[in-house]
Amino acid sequence: MEKYVIQGGNPLRGEVEISGAKNAAVAIIPAALMVRGVCRLENLPEISDTDTLLHILTYLGAKVNMINRTTVELDCTHVQMDILPEKMWELTRKIRASYYLIGAMLGRFGRARSTMPGGCNFGERPIDQHIKGLTALGADMDVNGGFIRAAAKGGRLKGTTVYLDKVSVGATINIMIAAATADGRTVIENVAREPHIVDLANFLNSMGADVRGAGTDVIKIRGVKQLHGGSYTLIPDQIEAGTYMAAVAAAGGTIRVSNVIPKHLECISSKLREMGVQVEEGDDYVLVRREGPLHRANLKTMPYPGFPTDMHPQMTAVLCCAPGVSVVTEGVWSNGRFKYVGELKKMGANIQVEDQSAFVQGVDHLTGATVKACDLRAGAAVVIAGLAASGVTKVEDISYIERGYQNLVGKFRALGADICCVDEPDLPDGQHSAGWIAG
Ligand code: EPZ
């Protein structure tokens, strides 16, 4: 089984180039299903979620032409199928974003069927707001037996006004996609405002849609008959950038994080400064330096522009070695997404979880151990901890990490980290391979 092996203790130095935003890519690729013509997408992240969605589109009859590793030309003109065949169910069950195919197929064909989505398993992830929005657009929705079936009354969705009971990135995206070609005007209220919501709106508009207000809490869409081809370049991934910023905060050193939009990082930069990290903003980069001791801090995750929930595990890993008690509160996912805490505790972290908060008592140092990536960002957290720890850390279940981070090992090695990916048999819990070095 493939795992990362990290010899901790090296400060990070050099430059890391941030890739395209995962959560923009997994919305824009399904949305391309609605375009009759060639869609050229640039700055796509080279991650398994992108591959999975491109594979699904190929199976639906799209022409997928990889121009280079991060540029693809999609032609969905001749896609006829609106019911994902059984062969695809394994793929759609793997990723969260597969439910965007429902919004796209509804918008294009007036009907759709796919499996319930997969994605990071941090407890219950309801889709009632997706159902509410698509129903308001005139779709009959049936969620049963692990499948989602949808059919637009009269064959075409109709514009409407819908108020989301909960700020939901996924529901906002799904309704935007479906409403882009609905008959008439749609107003979606209490929407998510993340940068990838704005990126999707900009993509749709570059293909001939009429979407306004993305980035505010109300999005207005005038449905158009159909979308035409065009080119679009995705925004950089603010969570990938934040992950490298957190890594240098934990391991020490100085790095330049290039190809970012500093405004998207404001919350992360501000919190890191509070923790004693220097963050200097350029036009499309940030310089991050941590030389002295870390300071404790509290944070609570909120929908954008609040502190991003997808940086919660990574920041806890940094705070493990900040003197004093820091409190990390999860304000987005009701079940807290704290599975990563058990893995950090294997490395000597002193963390108590109560309700939605982790109380992190700073320790002198963490010690390398064999740990698991419980989900995508939990995996990033244990990598960060391993970079800062003394001794060797082995990270298992790295497929979660590879879903959302392009070339993580290569990028960290270029920053001077002692990290590699090995393929070795798993040992029963508690046993260590010969290479084990006690921390
Ligand atoms: C997206 O998930 C991201 N995934 C998540 O990132 C991210 O954590 C989340 O947004 C919040 O920013 C993708 O974009 C693929 P939500 P999503 O709908 O859309 C509740 C990562 O690490 N809710 O914004 O599933 C829900 O339970 C991943 O990249 C409902 O109650 O999140 C949660 O408490 C992990 N009903 C809150 O809203 C619904 O119908 C936010 O969920 C939908 C959501």
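One-based numbering, in listed order, for ligands and for the atoms of each.
Glu266 meets the salt bridge (charged side-chain N to carboxylate O under 4.0 Å, His left out) test with Lys263; sequence neighbours excluded. Applying the salt bridge (charged side-chain N to carboxylate O under 4.0 Å, His left out) test to Glu73 and every residue at least two apart in sequence or in another chain returns Arg40.
Side chains of Thr71 and Asn68: a donor on one and an acceptor on the other come within 3.5 Å. A side-chain donor-acceptor contact under 3.5 Å links Ser258 and Glu15.
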What's the verdict on side-chain hydrogen bond (donor to acceptor under 3.5 Å, both in side chains) for Ser19 and Lys411, showing C-alpha distance, side-chain angles and the deciding distance?
CA-CA 11 Å; Ser19 305; Lys411 290 187 179 185; 2.7 Å; yes

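Judged as a salt bridge (Lys or Arg N to Asp or Glu O under 4.0 Å), the pairs with a partner in residues 101-116 (not counting sequence neighbours) are, in order, Asp82-Arg111.
Ordered by chain and residue number, the residues placing a heavy atom less than 4.0 Å from ligand 1 are Lys22, Asn23, Val26, Arg96, Tyr99, Phe122, Arg125, Pro126, Ile127, Asp128, Gln129, His130, Lys166, Val167, Ser168, Val169, Gly170, Thr309, Asp310, Val332, Trp333, Arg337, Leu376, Arg377.
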